[in-house]
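Bear in mind that the values here come from a model prediction, so they are computed numbers and not experimental data. The chains referred to below are lettered A, B, ... by the order of the sequence lines, with proteins before strands, and numbering in each begins at 1.
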2 protein chains.
Amino acid sequence: MTSTSRPRVTIADVAREAQTSTASVSYALNGRPGVSLDTRARVLAVAARLGWSPASAARSLAGAGSGTIGLVLARDPRDLAVEPFYMQFIAGVEATLAPRSMGLLLEVAPTAVAEVEAIRRWHMSRRVDGVLLTDVIADDPRVELVKEIGAPAVVVGDPSEAAGLTSLWTDDAAATQQAVEHLVSLGHRRITRFAAPGRYAYTVIRDAAFESASQAVGIEHDIVRTDLSLDSGADAARTVLSVSRPPSGLLFDNDVMAVAALTAAHDLGLSVPGDVSIVAWDDSLLCQLVTPSLTALGHDVLALGAHAARRLLDVIDGVEPAAFQDATPTLRVRASTGPAPVET
Amino acid sequence: MTSTSRPRVTIADVAREAQTSTASVSYALNGRPGVSLDTRARVLAVAARLGWSPASAARSLAGAGSGTIGLVLARDPRDLAVEPFYMQFIAGVEATLAPRSMGLLLEVAPTAVAEVEAIRRWHMSRRVDGVLLTDVIADDPRVELVKEIGAPAVVVGDPSEAAGLTSLWTDDAAATQQAVEHLVSLGHRRITRFAAPGRYAYTVIRDAAFESASQAVGIEHDIVRTDLSLDSGADAARTVLSVSRPPSGLLFDNDVMAVAALTAAHDLGLSVPGDVSIVAWDDSLLCQLVTPSLTALGHDVLALGAHAARRLLDVIDGVEPAAFQDATPTLRVRASTGPAPVET
DNA sequence: TTGTAAGCGTTATCAG
DNA sequence: CTGATAACGCTTACAA
């Protein structure tokens with residue numbers, strides 16, 4: 001049997017053992033000046049020998065931060081499994097946090113209200129030094145909250161929704177244009193975009209870019225609204241492809257809907273990319289593994305997470321708010337896009 | 001502009017405002033006896049009006065726990081995106097934690113050493129009240145660590161690897177048997193299992209179950225070792241299917257390899273399930289969306305996470321260690337399994 | 001360079 | 001039932 005609860009070792013124990021004061025121990029451990037080289041070495045040795053780590057509660061109570069940042073996942077738990085985004089994002093955040101031995105506190109909030117409450121509670125109880133905000137919508141209550149309570153925060157999304165908070169954005173307009181131009185270069189003259197709900201800031205941006213890119217080259221274009229779900233994508237694709245002169249190029253706002261469209265096209269007796277070409281957002285393993293593999297717009301989410309965390313640490317350190325741009329998503333061309341079919 | 005840093009409201013403020021002592025405020029807030037109904041109401045009202053939340057650092061320093069449990073993800077960040085398991089598991093854990101307003105601290109550790117260090121640091125600094133251990137291997141250093149330092153922990157995995165700690169296991173043997181019997185009932189007489197590395201405890205269990213189930217019905221069977229990666233699965237499948245009399249039933253230890261095998265079979269001119277039937281572990285969206293959809297063994301990971309967290313809270317509360325069984329994975333029959341081809 | 005001591009905001013003890 | 005008051009373990013002036 002193991003000892004049930006061995007005596008806790010505190011800074012006082014270390015000080016006594018190293019024959020110095022608690023102040024010196026504190027200074028030594030935090031690598032601050034004001035301690036002789038000799039004392040510092042002695043303290044560090046003793047601390048290591050005793051296996052002492054400062055109690056985080058005591059430390060943050062005494063004024064240091066909590067050494068933790070918060071991330072609320074505002075999704076239905078069932079959807080989280082479907083989207084690899086968050087897991088990659090989290091891994092990226094950790095890549096920034098771990099070396100500075102900061103922690104990541106997570107919460108899965110089923111509703112917007114729960115989300116706001118989680119952030120408020122975290123901040124009021126000083127459990128976190130700052131928060132990361134993803135999936136920001138227009139007039140997002142979370143943005144208003146963090147501004148109101150003055151919590152350090154970084155908005156992962158367009159600056160237009162950040163209300164002056166530090167934001168980290170990707171150029172979805174440029175990416176959308178890339179996708180349209182790819183289809184046009186293959187000869188497609190009629191394309192349809194299957195868009196996310198209009199409340200997401202990026203939807204508006206992608207919609208506009210899609211319109212202008214299409215108009216610039218003078219092709220027929222249309223936008224269909226979806227809710228990003230598998231069924232929604234399948235239904236919309238079926239409807240769009242069932243008309244007399246269906247579009248030959250389809251652009252989806254996520255990978256799941258694009259895969260659903262693949263099946264829908266197959267069911268309608270259409271070949272991909274023979275009859276219809278498909279492009280997806282959110283490149284993922286799914287895009288690579290389905291047959292035919294999907295041409296997709298994607299970016300390095302791991303890097304995005306790392307970048308976001310870095311910016312948040314800056315904000316916590318008092319750096320002035322600003323808008324930062326992350327890498328633009330790139331188009332990975334695969335088997336689902338090909339030359340447009342000849343008009344009958 | 002918002003106020004930069006409004007004055008912090010403490011328990012003393014609430015006590016003064018409610019014309020009582022801090023002790024009563026503390027009792028009232030925590031719903032403990034020893035406060036008159038009148039005082040309790042007054043305190044709660046003032047607390048709400050002032051928007052006061054107790055500082056978590058002060059609370060845990062004063063003896064309460066940290067109100068946090070820890071989870072270390074011991075995977076290469078790149079792999080995390082591929083596996084929906086963790087995200088679902090986390091969502092489940094949260095489902096248990098959130099109602100008790102407990103937090104989840106996360107760390108993505110690239111190496112086993114980093115993982116052990118994270119747990120040790122968390123425990124020594126009392127940042128977490130307990131930890132959840134997943135992906136346990138034989139003689140897992142994490143298991144030894146938590147036993148040594150006496151940290152409350154729950155092993156998500158077979159009791160044989162838990163060294164007496166509380167564990168939560170699923171009956172992989174029974175599930176494996178189900179899969180084998182499914183194939184046998186379809187007439188398959190030669191089946192191959194594509195297994196995870198032998199260091200995982202579940203590999204040994206599944207191997208044994210596969211052997212005995214196959215022997216029980218007297219069919220040819222073989223086990224091929226893989227590393228669970230896409231490439232590993234593709235290579236192994238290609239090799240196995242290229243021999244003169246290939247097996248007609250394939251059983252994979254995860255979904256990704258099964259999908260890879262689908263492609264491999266296609267490349268070899270074999271039809272699924274016409275020539276070869278495929279069964280996967282770890283049912284996922286991927287299994288449902290590929291063509292043909294994959295018959296798979298799967299379980300409710302969300303529920304598993306919730307269950308694991310519940311057990312950990314029990315351990316933290318001092319409940320004696322024990323082994324608990326979670327629901328047995330079930331076989332979801334889809335399009336990738338069918339009658340065995342007639343022997344030539 | 002060192003040591004002393006005053007907070008930090010709760011909880012818990014123990015007299016009133 | 002109520003209200004002082006002593007921990008809890010650390011950081012940080014401030015003195016020596």
Side-chain angles (χ1 to χ4, degrees), chain A residues 5-44 46-47 50-68 101 121-127 129, chain B residues 5-44 46-47 50-68 101 121-127 129:
Chain A
S5 68
R6 65 191 60 214
R8 279 232 140 267
V9 27
T10 76
I11 196 175
D13 299 321
V14 177
R16 181 168 17 77
E17 201 83 1
Q19 314 195 41
T20 180
S21 67
T22 62
S24 296
V25 173
S26 178
Y27 286 140
L29 187 85
N30 297 342
R32 259 189 272 251
V35 193
S36 73
L37 223 59
D38 180 51
T39 306
R40 185 182 301 274
R42 201 150 20 91
V43 166
L44 260 33
V46 171
L50 267 44
W52 172 73
S53 305
S56 71
R59 173 177 285 203
S60 66
L61 187 55
S66 64
T68 306
S101 55
R121 207 174 46 241
W122 278 349
H123 181 255
M124 296 314 288
S125 59
R126 284 187 268 183
R127 263 174 98 101
D129 298 332
Chain B
S5 68
R6 65 193 60 215
R8 278 232 141 266
V9 27
T10 77
I11 196 175
D13 298 323
V14 177
R16 181 165 19 76
E17 202 83 0
Q19 314 195 41
T20 180
S21 67
T22 63
S24 298
V25 173
S26 179
Y27 285 140
L29 188 83
N30 297 341
R32 259 190 273 251
V35 192
S36 71
L37 222 61
D38 180 51
T39 307
R40 185 183 301 274
R42 202 151 20 93
V43 166
L44 259 33
V46 171
L50 266 44
W52 171 73
S53 305
S56 71
R59 176 178 286 209
S60 66
L61 186 55
S66 64
T68 307
S101 53
R121 208 174 47 241
W122 278 349
H123 181 254
M124 297 313 289
S125 60
R126 282 188 268 182
R127 262 175 97 103
D129 299 331

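Among the protein residues, A:Gly63 comes within range of no part of the nucleic acid, since none of its heavy atoms lies under 4.0 Å from any strand. Base contact: A:Ser26 has a heavy atom under 4.0 Å from a base atom. Residue contacts for B:Ser60: at a heavy-atom cut-off of 4.0 Å it reaches no nucleic acid atom on any strand shown. No contact: A:Ala64 has no heavy atom under 4.0 Å from any strand. At the heavy-atom level, B:Thr39 lies under 4.0 Å from the strands shown only through sugar-phosphate atoms. At the heavy-atom level, A:Arg40 lies nowhere under 4.0 Å from the strands shown.
Annotation: of the two residues near DNA chain D, A:Ser56 and B:Tyr27, the 5′-most nearest-nucleotide partner is B:Tyr27. For the pair B:Ala62 and A:Leu37, nearest-nucleotide mapping onto DNA chain C gives the more 5' position to A:Leu37.
For A:Ala23, whose side chain is taken as the heavy atoms from C-beta onward, the closest listed nucleotide among C:dA12, C:dT4, D:dT11 is C:dT4. Distances were taken from every side-chain heavy atom of B:Ser24 (C-beta onward) to each of D:dT12, D:dG3, C:dT2; the shortest belongs to D:dG3. Checking C:dG9, C:dT10, D:dC10 against every side-chain atom of B:Leu61, the shortest atom distance belongs to C:dG9. Candidate nucleotides D:dC1, D:dA13, C:dA12 were compared by shortest atom distance to the side chain of B:Ser36, and D:dC1 ranks first. Side-chain proximity of A:Ser21 to C:dG9, D:dC10, C:dG3: nearest is C:dG3.
Atoms OG and CZ, on A:Ser60 and A:Arg127 in that order, are 10.5 Å from each other to the nearest 0.5 Å. For the atom pair CZ (B:Arg40) and OG1 (B:Thr20), the distance works out to 11.5 Å, reported to the nearest 0.5 Å. To the nearest 0.5 angstrom, A:Arg42 atom CZ is 11.5 Å from A:Glu17 atom CD. For the atom pair A:Ser66 OG and A:Leu61 CG, the distance stands at 12.5 Å (nearest 0.5 Å).
Between B:Val46 and B:Trp52, every side-chain heavy-atom pair lies at or beyond the 4.5 Å cut-off. Annotation: side chain of B:Val43 is not in contact with side chain of B:Leu29 (no heavy-atom distance under 4.5 Å).
In terms of phosphate contacts, B:Arg126 brings a side-chain nitrogen or oxygen within less than 4.0 Å of OP1 or OP2 of D:dG9. Contact check, B:Arg32 against C:dA12: a side-chain N or O comes under 4.0 Å of OP1 or OP2. Put simply, A:Arg59 has no side-chain N or O that comes within less than 4.0 Å of OP1 or OP2 on C:dC8. Residue B:Thr20 places at least one side-chain N or O closer than 4.0 Å to OP1 or OP2 of D:dG3.
In this structure, A:Ile11 atom CD1 and D:dA7 atom P are separated by 19 Å, rounded to whole Å. Rounded to whole Å, the distance from CG on A:Asp13 to P on D:dG9 is 9 Å. Between A:Arg8 atom CZ and D:dG9 atom C1' there is a gap of 11 Å when expressed in whole angstrom units. Residue B:Leu29 contributes atom CG, which lies 7 Å from atom P of C:dT11 at whole-angstrom precision. We find that CG of A:Asn30 is positioned 8 Å from P of D:dT12, with the value rounded to whole Å. In this structure, the CZ atom of B:Arg16 is 16 Å from the C1' atom of D:dG3, given to the nearest Å.
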